[in-house]
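By convention in this document, chain letters (A, B, ...) are assigned in the order of the sequence lines, proteins followed by strands, and residues within each chain are numbered from 1.
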Amino acid sequence: MQVFLPDGKALDLQNGATALDAASLIGPKLAEQAIGARANGKLWDLLTPLPEGAKLEILTTRKPAEAIDLMRHTLAHVMAQAILEVYGSKGFARDSIKMGVGPVIENGFYYDFDLPEPLKFEELEILENKMREIIARDLKLSRYEVTREQALAEFAGRDRYKTELIEGLPDNEPMTFYRQGSEADFTDLCRGPHIPRTGLIPPHFKLTATSGAYWRGSEKNPMLQRIYGVAFATAAELEKYLWQQEEAKKRDHRKLGKDMDLFTFSDEVGQGLPLWLPKGAFIRKKLEDYMYEKEQEYGYDYVISPHITKEALYHRSGHLPYYADGMYAPIEIEGENYYLKPMNCPHHHMIFAARPKSYRDLPARYAEFGTVYRFELSGALTGLARVRGFTQNDAHIYCAKSQVKEEFIKVIKLFEEVYKDFGISDYWFRLSLPDFENNPEKFGEPGPNWDESIAAIRAALEETGAQFVEGIGEATFYGPKLDVQLRTVVGKEESIATNQLDFIVPSRFDLEFTNANGEKETPVVIHRAIMGSFDRFFAFYLEHTAGNFPVWLAPEQARIITISDRHLDYAKQLEAQMKQQKLRVTVDSSSERMQAKIRDAEIAKVPFILIVGDKEILENAVSVREHGKGDRGKVSTTSLMSEIHERVEKRI
RNA sequence: GCUCGUGUAGCUCAGUGGUAGAGCACUCCCUUGGUAAGGGAGAGGUCGUCGGUUCAAUCCCGACCACGAGCUCCA
């Protein structure tokens, strides 16, 4: 057979030859340095027979990053062998250890084990050292194909997970095993690909975590112990990854929320029910005021609806019984069931329906900072990012089908404006589409409603030039979605806001308007949430800024620090003067040294630190120290105040 | 919800089968110092909750509650 090298040259090989054979034919040096290959663009290992006519590229130790996934995969196997050896030396029989799957994941790998006794987090170091030992042994990997019967026989009676995996494999593909070292070392059912020797694994890996994970991800199955590791081709990458983890820990909104007295939770109040402390509430109110102003500009009408509502409304909306699991249990009052509202749309529909509507009234845009309650799984709760009671930056736009595109353009523009004002630039839209084939019970039948609405959103995206990706099967049952995703400062992807087109529920509420021909017509609804929920947005933004809020949001914009007590009168005067100008300023009149006061103010992340002493008093000035930037020297009081005002105005 | 881990002062965390400690923060006193910690004293805890074992439990056991990691779910 023939394969083709990157320069187009053909290479003649025996049938069943591997990339290693090809490399050896090219040269012994290459064969020695080879760690993997790419066949027709796909990551391939040196042990697997090449397909006829493949475009072949040999990956070498010179560019280890290209083959990092091979190494990660082999590391998972090395970890499995290390588990066998560590538990062996604890006195456990080899067959008492059962294994799930051990795949490559972003940045690393994991392996799921069913262990006779759990591995403690502290033992990860022992395991990791054992892995390094196995790597140092430089075990050679080999690959062989077996029949289903042979594969089953290998695990019969000792590993139900592997047996189950084998039973689920398709008939038409060969089953392959990878062995490192001898039979006494480690052999696993595996589709590959792997590197040829354990000695090629770079030392830049680290076991990071242990956790439980259900066999095959189903809570009906037993829980296995998962061990996670990260691995990189270079020390620099590993360091960067670990740095990012550290940084993420430092920026964790739960930590900052505590340190900066922004919000808290209380056992006695309940899980997932946040208490906003004065400083956090101040910022949240600023966010709400900001959105209110923006929405006024964009033609939204503000509405208000109750937190609790009769059961029947949620039958009509279709939430019950389908969404009952996500709702708090009902409260019975005077023989009727009331629910805490999990969303605002039914109420807005009732507001729309409360008065007859003409096409002249459309689009009707109802906005509400609606507080909703959802019964999230307790294990899913995370600080303010996932709570059970939260306030949405919610709005529903009722419009004719012909207005959908125009309205989506406005929504996209509003997003862009808001995100710009908050310094968020790494975001994109995701158009979520239905998957009729695989989920007909959710999405129903394809039809003009779907086609037209998807086309309208697409057109809006194209017209605004917004960057977007598509996701199949992620739409809602009532229409396509346009989610907003962003990348956080520590590289994590998050979905923060969502916009959904709804062409089904309005008719359940008998919503209608009179069109230009005097006929009744059903509007479509756009559910949109620019900030999503204020709670989650706040959590995100806190991490985004690491708590260094811009001046317009900072609860304390400036702190005056005196050099000695005799400057306190001047400081108080200055405070009064600035407060008159609606600036949020305090005086630190404690008996600490100036250095200590500066440190306190820096830790509190106060944007402006104003130092006053004899020199400043003489010139009616302050010495400005900007948070995180250091001493800026003397500035006149008036120019400082106008600078702050300007920055508040520009939101920087 | 599930598995594992954790719960001691406002915060970060030590510690012990004989009812408890540090640092920071707080209060007071001394210090009046020019850009990230001056010194001293004091106050502060039902050791998450309830039950069990024990002469004795913050410590051992159980249940519950909460938090964390991961899994799962997400109209």
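Distance check on atom C1': B/G52 versus B/C59 gives 15 Å, rounded to whole Å. With both ends at atom P, the span from B/U54 to B/U46 equals 28 Å, rounded to whole Å. Taking atom C1' on both B/C24 and B/G44, the two are 14 Å apart, rounded to the nearest angstrom. On the C1' atoms, B/A14 is 15 Å away from B/G45, given to the nearest whole Å. B/A20 and B/G5 are spaced 25 Å apart, taking the C1' atom of each and rounding to whole Å. Only the C1' atoms considered, B/A57 is 10 Å distant from B/G18, to the nearest whole Å. Taking atom C1' on both B/C28 and B/A43, the two are 10 Å apart, rounded to the nearest angstrom. Comparing B/C50 with B/U58, their C1' atoms sit 15 Å apart, to the nearest whole Å.
Rounded to whole Å, atom C1' of B/C71 lies 17 Å from atom CZ of A/Phe113. A/Glu494 has its CD atom 19 Å from the P atom of B/C74, to the nearest Å. When rounded to the nearest whole Å, the span between CZ of A/Phe375 and C1' of B/C73 equals 13 Å. Rounded to whole angstrom, the span from the CD atom of A/Gln595 across to the C1' atom of B/U32 amounts to 11 Å. Remark: P of B/G38 and CD1 of A/Ile598 are 11 Å apart, rounded to the nearest angstrom. Whole-Å rounding puts the A/Leu320 CG to B/A75 P distance at 16 Å. A straight line from CD1 of A/Ile609 to P of B/G34 spans 17 Å, rounded to a whole angstrom. A/Lys634 places its NZ atom 14 Å from the C1' atom of B/U35, with the value rounded to the nearest Å.
Residue A/Glu474 is classed as having no contact, given no heavy-atom separation below 4.0 Å to the nucleic acid. Heavy atoms of A/Thr562 sit nowhere under 4.0 angstrom from any nucleic acid atom. As judged by a 4.0 angstrom heavy-atom cut-off over every strand, A/Gly630 is placed among residues making no nucleic acid contact. Counting any heavy atom pair closer than 4.0 Å across all strands shown, A/Ala596 reaches sugar-phosphate atoms only and no base atom. At a threshold of 4.0 angstrom between heavy atoms, the contacts of A/Glu602 include nucleobase atoms, whether or not backbone atoms are also involved. Within 4.0 Å (heavy atoms only), A/Leu381 reaches sugar-phosphate atoms of the nucleic acid but no base atom. Nucleic acid contact class of A/Arg216 (heavy atoms, under 4.0 Å, all strands): none. When heavy atoms are screened at a 4.0 angstrom cut-off, A/Ser266 is found touching no nucleic acid atom at all.
RNA chain B lies under 4.0 Å from at least one heavy atom of each of the following residues of residues 252-263 of chain A: A/Arg254, A/Lys258.
Residues A/His307 and A/Val372 form no side-chain contact, since every pair of their non-hydrogen atoms from C-beta on lies 4.5 Å or further apart. Residues A/Val525 and A/Ile397 fail the side-chain proximity criterion, which asks for heavy atoms closer than 4.5 Å.
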Between the protein and nucleotides 24-26 of chain B, list the N/O to N/O atom pairs that are separated by less than 3.5 angstrom.
none

Restricting both atoms to N or O, compile the protein contacts to nucleotides 2-9 of chain B shorter than 3.5 Å, with distance only.
residue : atom : partner  : partner atom : Å
B/C2    : O4'  : A/Tyr214 : OH           : 3.2
B/C2    : O2'  : A/Tyr214 : OH           : 3.1
B/C2    : N1   : A/Tyr214 : OH           : 3.4
B/C2    : O2   : A/Tyr214 : OH           : 3.0

So what's the dot-bracket for RNA chain B: Watson-Crick or G-U pairs under 3.5 Å, [ ] if a pair crosses, | if it pairs off-strand? (((((((..((((....[..)))).(((((.......))))).....(((((..]....))))))))))))....

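No donor-acceptor contact under 3.5 angstrom links the side chains of A/Tyr338 and A/Glu311, judged on distance only. At a cut-off of 3.5 Å, with distance as the only test, a side-chain donor of A/Ser305 or A/Glu368 sits close to an acceptor on the other residue. Under 3.5 Å, the side chains of A/Glu164 and A/Trp215 contain a donor-acceptor pair of N or O atoms. Looking at A/His347 and A/Thr309, their side chains do bring a donor and an acceptor atom within 3.5 Å of each other. In this structure, a donor-acceptor pair under 3.5 Å is absent between the side chains of A/Ser507 and A/Thr522.
The base of B/U35 lies close enough to the side chain of A/Ser623 for a donor and an acceptor atom to sit less than 3.5 Å apart.
No donor-acceptor distance shorter than 3.5 angstrom exists from the side chain of A/Arg388 to the backbone of A/Phe375, with no hydrogens or angles considered. Of the possible polar contacts, one joining the A/Asn393 side chain to the A/Met531 backbone as a donor-acceptor pair under 3.5 Å is found. Remark: side-chain polar atoms of A/Asn548 are not paired, donor with acceptor, to backbone N or O of A/Lys605 under 3.5 angstrom.
Comparing A/Val624 and A/Phe265, the nucleotide of RNA chain B nearest to each residue sits closer to the 5' end for A/Val624. Ranked by how close their nearest RNA chain B nucleotide is to the 5' end, A/Arg593 and A/Thr382 are led by A/Arg593.
What you find for A/Ala475 and A/Pro434 is that their closest heavy atoms are CB-N, 3.6 Å.
Here the nucleotide nearest the side chain of A/Ile603, chosen from B/A36, B/A75, B/U32, is B/A36. Out of B/U35, B/U31, B/U32, the shortest distance to the side chain of A/Asp631 is found at B/U35. For A/Leu377, taking side-chain heavy atoms from C-beta onward, the closest of the listed nucleotides B/A37, B/A75, B/U72 is B/U72.
A side chain to side chain contact (heavy atoms under 4.5 Å, CB included) with A/Tyr339 holds for exactly one of A/Tyr314, A/Tyr373, A/Tyr328; it is A/Tyr314.
Residues satisfying the side-chain contact (heavy atoms from CB on, under 4.5 Å) test with A/Ala231, not counting sequence neighbours, are A/Arg72, A/Leu75, A/Phe109, A/Phe205.
In this model, the phosphate group of B/A66 is approached by a side-chain N or O of A/Gln271 to a distance below 4.0 Å at OP1 or OP2. A/Arg226 has no side-chain polar atom (N or O) that falls below the 4.0 Å cut-off from OP1 or OP2 of B/G70. Close to B/G34, at under 4.0 Å from its OP1 or OP2, lies no side-chain N or O of A/Lys615.
Once rounded to the nearest 0.5 Å, the distance linking NZ of A/Lys341 with OG1 of A/Thr371 reads 7.0 Å.
Taking the 5.5 Å centre cut-off and the 30° plane limit, the aromatic side chain of A/Tyr322 is classed as stacked on B/A75.
The list of salt bridge (Lys or Arg N to Asp or Glu O under 4.0 Å) pairs with a residue in residues 259-272 of chain A, not counting sequence neighbours, reads A/Lys255-A/Asp259.
Taking the ring axis of A/Phe468 as reference, the NZ or CZ atom of A/Arg430 does not stay both within 45° of it and closer than 6.0 Å to the ring centre. Seen from the ring of A/Phe92, A/Lys90 does not count as a face-on cation partner, given the 6.0 Å and 45° thresholds.
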